[in-house]
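The analysis underlying the following values was restricted to heavy atoms, covering all of them including side chains, and did not include hydrogens, waters or symmetry mates.
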Amino acid sequence: PVSDYPDFLALGVVIVVTIPVVMGVEISVKGLFLLLVLNISILSFVMITGAMWGDTSTWTDYPFSIDGISGVGTATAELILAYTGFDYIAICSEEALNPRRAVPIATLSSVGIVLALYEGVTIALTMLIPYPLLDADSPFISAYDYVGHSWAGVVVSSGALIAIFGASISAMIGVPRLIYAMASDGLIWERLGRVNKTTQVPVPATIAVASLSGVLALLLDYDDTSQMYTIGALISFFLVAVAMLVMRYTEVQTELQPKLDDSYGTFENCDDGIDQGEQNGHPSGESWRHPCTGARARIYEDGRTSGEEAFGTGAGRRVDIGLLRSRAGIFMTDERINLAAAVLSVSVLAMSAFVGYGMGGDTVSTGVIVCTVISGIAVVASAAVFYIVPQTPWTDTPASSNVFRLRFVPTVPIASMISCAMLLMQLSYVAWLRCFVWIGLGLIVYFVYGIKHTKYPSD
């Protein structure tokens, strides 16, 4: 993957974007905002000129897709790089005033805006020139040359440099904060997590990221590094989807011992359900929490207990406490939820591998078809577990305070896992090999240093 010649321009870009990031977040954000305005202006220029000088006949003279569905999948996997960056919003959530509200809005808004801009530019570009005639190295210059406006191609191509600076600043802000979090947890050298008191920036982490990025940008080929970035991003998105499932289903208290604060009284019989729990001196008409689940309920003067505040799940259902505990507390423990998530992950990856690599040729062997069907059945069976087992109740108890409020669970996480796995299998074998090398290096760091210094065991 070493480039034919050292790319000193790329090294210069890394150095230039590192300086404002080290000086402080406010300075780098202001510069990033200015670059963002210029970038959107250039993209808007492309859409306007495409509507003025383009022609929709370019869409009908050539087939919609040359390489079919497989070509669309391969292109999508390689274009994931252009859509990444929204994850830095979550990385920097500690610096938001109200992250619970700001992070989801900012994430969805950024993805929606980027999608609209990219789709608009793509439509305009294919209206200017038939897509088979595009120059892969300089598509905008070739498009504007085709319609006789070469000057516009030069203007738009200058926007690529602006986009590079903007993306580099975003990465230089976000990635050091990942290093800071890992250093704070003791997984890597703790000195990398030191924060400058004046600028409130993790300077050692920023310099380490800039140094490594500069060396890689100087020596490695762009196509190879972009594939490495893409496969890393897809793997991280896949793991986040798995974590959504695990954390949504394993926060239910499964122990049969009371977990109630003294101010709510004590209950003698947890096994008989919430309606048969014994109230010890708690005033009627007020709320209390069930000792086995921490769920909220209300005692009425006639002794009835209302659980309608207590047992809402992610889908808005009401789950009886006996059913909840029989499924989540006895039949499906946290360990079994983790096992179901692991089986689902392996099955999704296996099915995607058979579909992506085994069915890519002109002929498909019977063995590949059989393996695809078997892995598909495993996906359906393991996914069914998460539709049957109740989710963590949405209560305001300490036991449920860390529950993620993602809607449409488990459908959204499972769909995300399948999408990421399918895109991963569109990448080359060489990209996977390099990915395993980097994962191996990370495991070496973990087992040599991180496992001895991590702060989780003490917690």
Query - Nearest-0.5 Å distance that lies between atom CD1 in Ile374 and atom CD1 in Ile369 - result: 12.0 Å
Report task. Would you mind reporting whether Asp7 and Leu11 have side-chain heavy atoms less than 4.5 Å apart? Result -> no
**Report entry** From CD1 (Ile444) to CD1 (Ile439), nearest 0.5 Å
**Finding:** 12.5 Å
Requested in this report: For residues Phe354 and Val368, report the shortest heavy-atom separation together with the two atoms involved.
Outcome: O-CG1, 3.9 Å
Query raised in the report: Which residues satisfy the side-chain hydrogen bond (donor to acceptor under 3.5 Å, both in side chains) test with Ser110, sequence neighbours excluded?
Result: none
Query raised in the report: How about Phe386: does its CZ atom have over 12 heavy atoms from other parts shown lying under 6.0 Å from it?
Result: yes
Report summary line: One should read off an interatomic distance between Ile162 CD1 and Leu36 CG, to the nearest 0.5 angstrom, of 11.0 Å
**Report entry** Any Val201 side-chain heavy atom under 4.5 Å of Val195 side chain
**Finding:** no
Requested in this report: For Phe33, look at atom CZ and say whether over 12 heavy atoms of other residues, nucleotides or ligands are found less than 6.0 Å away.
Outcome: no
Requested in this report: Name all pairs fulfilling the salt bridge (Lys or Arg N to Asp or Glu O under 4.0 Å) condition that reach into residues 170-182, sequence neighbours left out, sorted by first residue then second.
Outcome: Glu95-Arg177
Report task. Give a yes or no on whether the backbone of Ser57 and the side-chain of Asp55 come within a donor-acceptor separation of less than 3.5 Å. Result -> yes
Report task. Kindly determine whether Ile231 and Leu424 satisfy side-chain contact (heavy atoms from CB on, under 4.5 Å), including the steps that lead there. Result -> CA-CA 6 Å; Ile231 197 170; Leu424 281 168; 3.6 Å; yes
Query raised in the report: When you look at Thr49 and Val147, which way does the side-chain contact (heavy atoms from CB on, under 4.5 Å) test go after all the steps?
Result: CA-CA 10 Å; Thr49 55; Val147 294; over 6 Å; no
Requested in this report: Find the distance between NZ (Lys452) and CG (Leu187) and round it off to the nearest 0.5 Å.
Outcome: 14.5 Å
Query raised in the report: Quick one: does Phe237's side chain get under 4.5 Å of Ser419's, heavy atoms only?
Result: no
Report task. For side-chain contact (heavy atoms from CB on, under 4.5 Å), just list the numbers for Arg194 and Val203, CA-CA rounded to whole Å, side-chain angles, deciding distance to a tenth of an Å, and then say yes or no. Result -> CA-CA 7 Å; Arg194 292 183 176 179; Val203 176; over 6 Å; no
Query raised in the report: Rounded to the nearest 0.5 Å, how far does OG1 of Thr198 lie from CE of Met23?
Result: 12.0 Å
Query - By side-chain hydrogen bond (donor to acceptor under 3.5 Å, both in side chains) - contacts of Thr126 (at least two apart) - result: Trp59
Report task. First locate atom CD of Glu119, then atom CE of Met47, and finally report the distance between them rounded to the nearest 0.5 Å. Result -> 11.0 Å
Query raised in the report: What residues form a side-chain hydrogen bond (donor to acceptor under 3.5 Å, both in side chains) with Thr366, not counting sequence neighbours?
Result: none
Report task. Decide if atom CH2 of Trp432 counts as having more than 12 heavy atoms of other residues, nucleotides or ligands within a radius under 6.0 Å. Result -> yes
**Report entry** Within residues 151-173 or reaching into it, pairs that qualify as side-chain hydrogen bond (donor to acceptor under 3.5 Å, both in side chains) - sequence neighbours excluded
**Finding:** none
**Report entry** Stepwise side-chain contact (heavy atoms from CB on, under 4.5 Å) check, Thr206 with Thr18
**Finding:** CA-CA 8 Å; Thr206 303; Thr18 303; 4.3 Å; yes
**Report entry** Among Phe140, Trp53, Phe45, ring pair (Phe, Tyr, Trp, His ring centres under 6.0 Å) partner for His149
**Finding:** Trp53
Query - Thr372 versus Met351, closest heavy-atom pair with distance - result: O-CG, 4.4 Å
Requested in this report: Please identify each residue that fulfils ring pair (Phe, Tyr, Trp, His ring centres under 6.0 Å) with Tyr446, with sequence neighbours left out.
Outcome: none
